[in-house]
Amino acid sequence: MKRLVQITVCFFLFSSVLQLSCTHSANHQDNYKINLSFKPGEEAKIIDAFLAIKDSTSITLKEGLYKFDNLSIAQVNHIRILGEGHDKTILDFTRQSQGGEAIRVTDVKDFKIEGMTIRDSKGDLLKINKSRDITITHLHAVWSKADSTSGGYAIYPVMCKNVLIENCYTEGSSDAGIYVGQTDSAVVRNCKAAKNVAGCEIENTSHAQVYDNEFYNNTAGFLVFDLPDLSKRGGHVKAYNNHIHDNNFRNFAKSGSFGTTWGVGNASPGSGIIILAASDVELYNNRILNNNASAIMIASGFAVDSEAGKKMNPNYYPISKNIYIHNNTITMGPVFPKPVYEHRIGKILVGVEQQLNRLEPARKNKRIPFIMYDGISSNILTKGMSLNPDSICIDQTGDNVFVNADFLNINQVQNWKPTTDIAPFKCNPAIKTQ
């Protein structure tokens with residue numbers, strides 16, 4: 001009888017384990033109704049599967065090298081594209097001859113891409129447009145060469161809602177490695193970006209959190225921009241616990257970006273963080289190290305376009321406001337990086353340092369302060385006289401923290417008076433980043 005009980009108990013435990021195993025297997029499919037799997041050499045079938053994809057489909061790409069022109073998914077729900085790891089599943093788009101992107105996703109709800117490398121397209125690598133509930137994880141998106149022949153964006157959700165980008169790596173973008181544009185609700189976390197013009201850019205995007213990332217060896221590490229003539233206004237952006245360092249790489253933006261007023265070609269080599277015409281931005285607990293032209297720059301639209309005021313509408317206001325910078329660790333190297341001297345904005349930063357040291361001999365030729373504010377406030381629109389009408393609030397300890405660069409008078413050297421007086425900017429922020 002005792003042995004019978006033992007056998008019965010063992011059978012029950014075995015049945016339970018088997019049931020759990022089956023349950024785990026079912027959960028691994030995440031309740032996708034259609035599960036497809038492909039291996040290298042089946043590219044034609046994969047292209048057809050993307051074009052004919054139905055709701056609730058998971059496509060697994062086995063380990064190996066795949067070669068494509070481009071791939072496209074549109075107007076479906078609950079889709080997953082799964083590789084076996086960024087070092088195992090490789091999608092190569094070197095032969096791309098048509099289409100603006102390597103992978104284009106349009107009007108999809110609940111989309112996930114995971115576990116692969118995509119590389120070397122002529123256009124953007126991954127563009128997700130007008131979609132929602134997006135997860136991009138454990139994805140490497142890279143170009144072999146970091147020059148103007150690279151595509152603009154590596155990871156590029158635009159006009160989306162609810163975006164998560166995590167555990168990704170981008171390299172070689174001639175614009176931004178990770179770009180989130182005209183989107184509501186986004187998280188970028190645990191990512192790395194190197195050898196891009198901009199490591200990460202949050203543009204005209206609201207309710208974004210950027211944390212636990214490393215942006216390094218780019219032209220500029222991290223950008224928060226609001227630009228005119230776009231579909232929505234950004235704001236409510238928090239960036240914290242990031243390591244933004246050694247962004248002193250040359251600016252290799254495409255000639256169109258260099259030539260246009262608002263292009264990323266305006267980002268000076270040596271820039272850690274740039275805030276341009278953005279509102280409700282909080283930067284805290286970041287390590288911003290050895291970005292040797294400007295650790296943090298706060299600028300208005302007027303800094304790049306004298307006609308910015310004419311572009312005002314409900315989706316665009318040219319003045320940065322409600323900015324709160326606190327509790328960051330900041331260092332800079334002893335000299336500007338060499339590419340600065342060949343760059344339009346870079347030359348201005350050199351001039352700010354030189355003019356400031358002329359006006360304040362006690363500085364004894366110190367470096368440009370860590371935080372540079374262009375000094376163009378809403379007073380230019382209201383004819384007001386307040387010293388800090390836009391709630392630019394800085395709570396950083398140490399020496400050589402801040403300069404108001406007085407950009408309005410930069411073309412009249414006799415009247416140009418950058419100042420390190422931080423007193424008006426030590427304030428209680430009006431920011432609302434939640």
Please give me the minimum heavy-atom distance between Q396 and K426, naming the atom from each residue. O-NZ, 4.2 Å
Show, in sequence, the C-alpha distance, side-chain angles and deciding distance for R119 and I90, and conclude whether the side chain to side chain contact (heavy atoms under 4.5 Å, CB included) test is met. CA-CA 8 Å; R119 70 187 190 192; I90 314 295; 3.6 Å; yes
Rounded to the nearest 0.5 Å, what separation is found between the CG atom of D421 and the CD atom of E360? 9.0 Å
Please examine the side chains of K417 and N409, heavy atoms only from C-beta on, and report whether any two atoms are closer than 4.5 Å. no
If we only count heavy atoms from C-beta on, is the D229 to Y316 side-chain gap below 4.5 Å? no
All pairs passing ring pair (Phe, Tyr, Trp, His ring centres under 6.0 Å) where residues 276-299 contributes a residue, at least two apart: Y240-Y284, Y284-H326
Take W416 and V352, measure what side chain to side chain contact (heavy atoms under 4.5 Å, CB included) needs, and give me the verdict at the end. CA-CA 10 Å; W416 183 28; V352 170; 3.8 Å; yes
Tell me if the CG atom of N415 is crowded by more than 12 foreign heavy atoms within 6.0 Å. yes
Would the distance check show the side chain of D175 and the main-chain N or O of V264 forming a donor-acceptor pair, the cut-off being under 3.5 Å? no
Decide yes or no for K311 and D305: does some side-chain heavy atom of the first lie under 4.5 Å from some side-chain heavy atom of the second? yes
If only atom types and distance count, is the side chain of E353 paired as donor or acceptor with the main-chain N or O of I368 below 3.5 Å? yes
If you compare all heavy atoms of N315 against all heavy atoms of S231, which two are closest, and at what distance to 0.1 Å? ND2-O, 3.2 Å
D120 side, atom CG; L125 side, atom CG - distance, nearest 0.5 Å: 7.5 Å
Shortest non-hydrogen separation from S294 to M372 and the atoms involved: OG-CB, 4.4 Å
Under the side chain to side chain contact (heavy atoms under 4.5 Å, CB included) rule, what do I128 and I136 come out as? Steps first, then yes or no, please. CA-CA 10 Å; I128 302 176; I136 304 165; 3.7 Å; yes
Test of understanding: with ring pair (Phe, Tyr, Trp, His ring centres under 6.0 Å), list the residues that count as partners of Y169, not counting sequence neighbours. H140
Under the ring pair (Phe, Tyr, Trp, His ring centres under 6.0 Å) definition, can you give me all pairs with a residue in residues 348-385, not counting sequence neighbours? Y373-F425
Taking C-beta and beyond as the side chain, do F68 and I103 meet within less than 4.5 Å on heavy atoms? no
Output yes when a side-chain donor or acceptor of K33 lies under 3.5 Å from a complementary backbone atom of S56, and no otherwise. no
May I ask you to decide if G234's main-chain N or O and N204's side chain share a donor-acceptor pair within less than 3.5 Å? no
One should read off an interatomic distance between R344 CZ and S268 OG, to the nearest 0.5 angstrom, of 10.5 Å
How about S300 and I319: do any of their side-chain heavy atoms sit closer than 4.5 Å? yes
So, do M312 and P318 sit near enough that their side-chain heavy atoms are less than 4.5 Å apart? yes
If you look at every heavy atom in E84 and T89, which pair is closest and at what distance? N-OG1, 2.9 Å
R367 backbone acceptor or donor facing R363 side chain under 3.5 Å: yes
Is there a donor-acceptor contact under 3.5 Å from the side chain of N292 to the main chain of N248? no
Taking K127 for the side chain and R104 for the main chain, is one N or O donor matched with an acceptor at less than 3.5 Å? no
Note, M159 side chain near N129 side chain (heavy atom, < 4.5 Å): yes
Using a 3.5 Å distance criterion without hydrogens, assess whether the side chain of T219 forms a donor-acceptor pair with backbone atoms of F249. yes
Going by atom types only, do S377 and N388 share a side-chain donor-acceptor pair under 3.5 Å? no
Does K67, at its NZ atom, have more than 12 non-hydrogen atoms belonging to other residues, nucleotides or ligands within less than 6.0 Å? no
Once you round to the nearest 0.5 Å, how far does CG of N290 lie from NE2 of H245? 9.0 Å
Can you tell me if NZ on K192 sees more than 12 non-hydrogen neighbours from other groups inside 6.0 Å? no
Might you work through the disulfide (SG to SG under 2.5 Å) test for C393 and C427, ending with a clear yes or no? CA-CA 5 Å; C393 295; C427 52; 2.0 Å; yes
Is a donor on one side and an acceptor on the other found under 3.5 Å between the side chain of N379 and the backbone of S386? yes
Between atom CD of E282 and atom CD1 of I325, what is the distance when rounded to the nearest 0.5 Å? 10.5 Å
Between the OH atom in Y216 and the CG atom in L289, the distance rounded to the nearest 0.5 Å is 14.5 Å
Partners of H78 by ring pair (Phe, Tyr, Trp, His ring centres under 6.0 Å), sequence neighbours excluded? Y32
Minimum heavy-atom distance between S320 and A277, given as atom pair plus value: OG-N, 3.0 Å
Any side-chain donor paired with an acceptor under 3.5 Å for K232 and S206? yes
Do N291 and N247 have side-chain atoms, one donor and one acceptor, less than 3.5 Å apart? yes
The ring pair (Phe, Tyr, Trp, His ring centres under 6.0 Å) partners of Y153 (sequence neighbours excluded) come to Y156, Y179
Once salt bridge (Lys or Arg N to Asp or Glu O under 4.0 Å) is applied, what residue pairs with a partner in residues 325-334 remain, sequence neighbours excluded? none
Please give me the minimum heavy-atom distance between L349 and F336, naming the atom from each residue. O-CZ, 3.7 Å
Walk me through it: do D110 and N77 pass the test side chain to side chain donor-acceptor pair (under 3.5 Å)? CA-CA 6 Å; D110 186 12; N77 300 324; over 6 Å; no
Side chain T117, main chain H86, donor-acceptor under 3.5 Å: yes
After noting the C-alpha distance and the side-chain angles of L276 and L223, does the key distance pass the side chain to side chain contact (heavy atoms under 4.5 Å, CB included) rule? CA-CA 8 Å; L276 177 66; L223 313 181; over 6 Å; no
Considering residues, nucleotides and ligands other than K130, do more than 12 of their heavy atoms fall under 6.0 Å from its NZ? no
Side-chain contact test, heavy atoms from C-beta onward, threshold under 4.5 Å: evaluate it for Y211 versus N285 and give yes or no. no
